[in-house]
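Note that the numbering runs from 1 along the sequence shown for the chain.
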Amino acid sequence: SENVLFGMGNPLLDICAVVDKDFLDKYGLKPNDQILAEDKHKELFEELVKKFKVEYHAGGSTQNSVKVAQWMIQKPHKAATFFGCIGKDKFGEILKKKAEEAHVDAHYYEQSEEPTGTCAACITSDNRSLVANLAAANCYKKEKHLDLEKNWKLVEKAKVYYIAGFFLTVSPEAVLKVAAQASANNKIFSLNLSAPFISQFYKEPMMKVMPYVDVLFGNET
């Protein structure tokens, strides 16, 4: 049924390119990693676009997952719902268009203080090094979006919930509210550990959500 799967996370416009080792070394990147952009990565995004052949994709960990789920389900369209924050800009418009093309029911919180988030995917052979500049994705406000009745109804409509650990860096209170709702109504709540830095530096909010988790995704690292 429509809106059966609910995801909430950091919507990012992926900028993908095959790069060389020199490029990774210049910005101190590991061949296979996912990190948040720091000051030293400011020029990276511009250089990537100028120097290499890039492709744009609607991305962000959770949005990617619900997109794939929707693609597997095929019909009905809008079986997957997605919440996240974007900027009122060109990249935001591209994201909206891409979500629509993927038949995902995306309801973005739009604000004009920060531009739409981007993620550089630097590909070398079988590895990919991800550098995320959250920007607008960091500005999600539970009380200005999730708590609104029309949006909360979509949360209640879902039967399965999926949130990446990355979103704990943005709005742990929004994650908790959704997790508690899923638990109270005996629905499936799943969380992804996402990256080592989440467990290292966001352990407290993660452990608050953990009692509600039915399915936990992780990998070797």
Side-chain angles (χ1 to χ4, degrees), residues 5-20 23-24 27 29-37 41-75 77-111 114-140 162-167 169-170 190 192 194-195 198 217 219:
L5 170 66
F6 176 84
M8 181 167 62
N10 300 329
L12 302 173
L13 188 70
D14 284 348
I15 306 169
C16 309
V18 175
V19 303
D20 49 36
F23 185 80
L24 295 185
Y27 292 102
L29 304 177
K30 294 177 192 164
N32 220 3
D33 203 7
Q34 34 305 1
I35 61 165
L36 294 178
H41 302 117
K42 274 202 173 130
E43 320 291 308
L44 180 149
F45 294 89
E46 282 172 33
E47 191 179 333
L48 193 66
V49 173
K50 276 186 194 150
K51 204 169 166 186
F52 303 98
K53 187 173 176 284
V54 299
E55 280 184 13
Y56 294 106
H57 298 280
S61 181
T62 304
Q63 186 164 240
N64 273 336
S65 298
V66 300
K67 260 171 56 185
V68 171
Q70 179 65 58
W71 170 76
M72 289 168 77
I73 292 163
Q74 293 288 321
K75 292 267 169 71
H77 290 162
K78 297 188 175 180
T81 316
F82 178 76
F83 286 6
C85 182
I86 62 172
K88 294 178 177 173
D89 52 23
K90 190 182 84 181
F91 281 171
E93 290 306 314
I94 294 174
L95 269 182
K96 285 196 274 192
K97 192 167 141 274
K98 294 278 184 189
E100 208 176 304
E101 282 170 12
H103 307 302
V104 169
D105 195 13
H107 294 261
Y108 298 116
Y109 168 52
E110 297 181 46
Q111 49 73 60
E114 286 282 344
T116 298
T118 47
C119 179
C122 309
I123 301 157
T124 48
S125 66
D126 289 342
N127 297 315
R128 64 164 179 40
S129 191
L130 304 179
V131 184
N133 179 25
L134 294 184
N138 239 339
C139 303
Y140 188 83
Y162 173 78
I163 298 177
F166 291 125
F167 202 58
T169 71
V170 175
S190 50
N192 199 317
S194 297
I198 304 290
F217 295 92
N219 61 21

Query raised in the report: How about Thr118 and Tyr56: do any of their side-chain heavy atoms sit closer than 4.5 Å?
Result: no
Report task. For Cys85 and Gln111, work out which heavy atoms get closest and say how close. Result -> SG-CG, 3.6 Å
Query raised in the report: Side chains of Ile94 and Thr116: closer than 4.5 Å at any heavy-atom pair?
Result: no
Query - Given Phe82, Phe166, Phe167, Phe6, the one that forms side chain to side chain contact (heavy atoms under 4.5 Å, CB included) with Thr62 - result: Phe82
Requested in this report: Would you give the length of the straight line joining atom OG of Ser190 to atom CG of Leu5, rounded to the nearest 0.5 angstrom?
Outcome: 8.0 Å
Requested in this report: Hey, could you give me the CD/SG distance between Gln34 and Cys119, rounded to the nearest 0.5 Å?
Outcome: 9.0 Å
Report task. Work out which heavy atom in Ile15 is nearest to a heavy atom in Val49; give both atom names and the distance. Result -> CG2-CG2, 4.2 Å
**Report entry** Phe45 versus Ala37, closest heavy-atom pair with distance
**Finding:** CE1-CB, 4.2 Å
**Report entry** Counterpart residues, side-chain hydrogen bond (donor to acceptor under 3.5 Å, both in side chains), relative to Glu100 (two or more places apart)
**Finding:** none
Query - Option passing side chain to side chain contact (heavy atoms under 4.5 Å, CB included) with Ser129 (candidates Leu29, Val19, Asn32) - result: Leu29
Requested in this report: Provide the closest heavy-atom pair for Tyr109 versus Cys139 in the form atom of the first, atom of the second, distance.
Outcome: CE2-O, 3.5 Å
**Report entry** Spatial distance of atom CG (Leu130) from atom CD1 (Ile123) [nearest 0.5 Å]
**Finding:** 9.0 Å
Report summary line: Nearest heavy-atom contact between Cys122 and Leu48 is SG-CD1, 4.5 Å
**Report entry** Interatomic spacing from CZ in Arg128 to CG in Asp14 - rounded to 0.5 Å
**Finding:** 9.0 Å
Query raised in the report: When rounded to the nearest 0.5 angstrom, what distance separates NZ in Lys98 from CG in Leu95?
Result: 9.5 Å
Query raised in the report: Do side-chain atoms of Gln70 reach the backbone of Val104 as a donor and acceptor pair under 3.5 angstrom?
Result: no
Query raised in the report: Does Lys90 NZ have over 12 foreign heavy atoms under 6.0 Å away?
Result: no
Query raised in the report: So does Glu93 pair up with Lys96, basic N to acidic O under 4.0 Å?
Result: yes
Query raised in the report: Would you say the side chains of Tyr162 and Asn192 form a donor-acceptor pair under 3.5 Å?
Result: yes
Query - salt bridge (Lys or Arg N to Asp or Glu O under 4.0 Å) between Lys97 and Glu101, intermediate numbers included - result: CA-CA 6 Å; Lys97 192 167 141 274; Glu101 282 170 12; 3.6 Å; yes
**Report entry** Heavy-atom closest contact (Ile86 atom, Gly92 atom, distance)
**Finding:** CD1-O, 3.9 Å
Query raised in the report: Between atom NZ of Lys42 and atom CG of Asn133, what is the distance when rounded to the nearest 0.5 Å?
Result: 9.0 Å
Query raised in the report: Can you find a pair of side-chain heavy atoms, one from Tyr27 and one from Val131, that are under 4.5 Å apart?
Result: no
Query raised in the report: Under 3.5 Å, is there a donor-acceptor pair between the side chain of Lys67 and the main chain of Ala58?
Result: yes
Query - Side chain proximity check, His77 to Lys75, heavy atoms < 4.5 angstrom - result: yes
Query raised in the report: Can you find a pair of side-chain heavy atoms, one from Phe91 and one from Pro115, that are under 4.5 Å apart?
Result: no
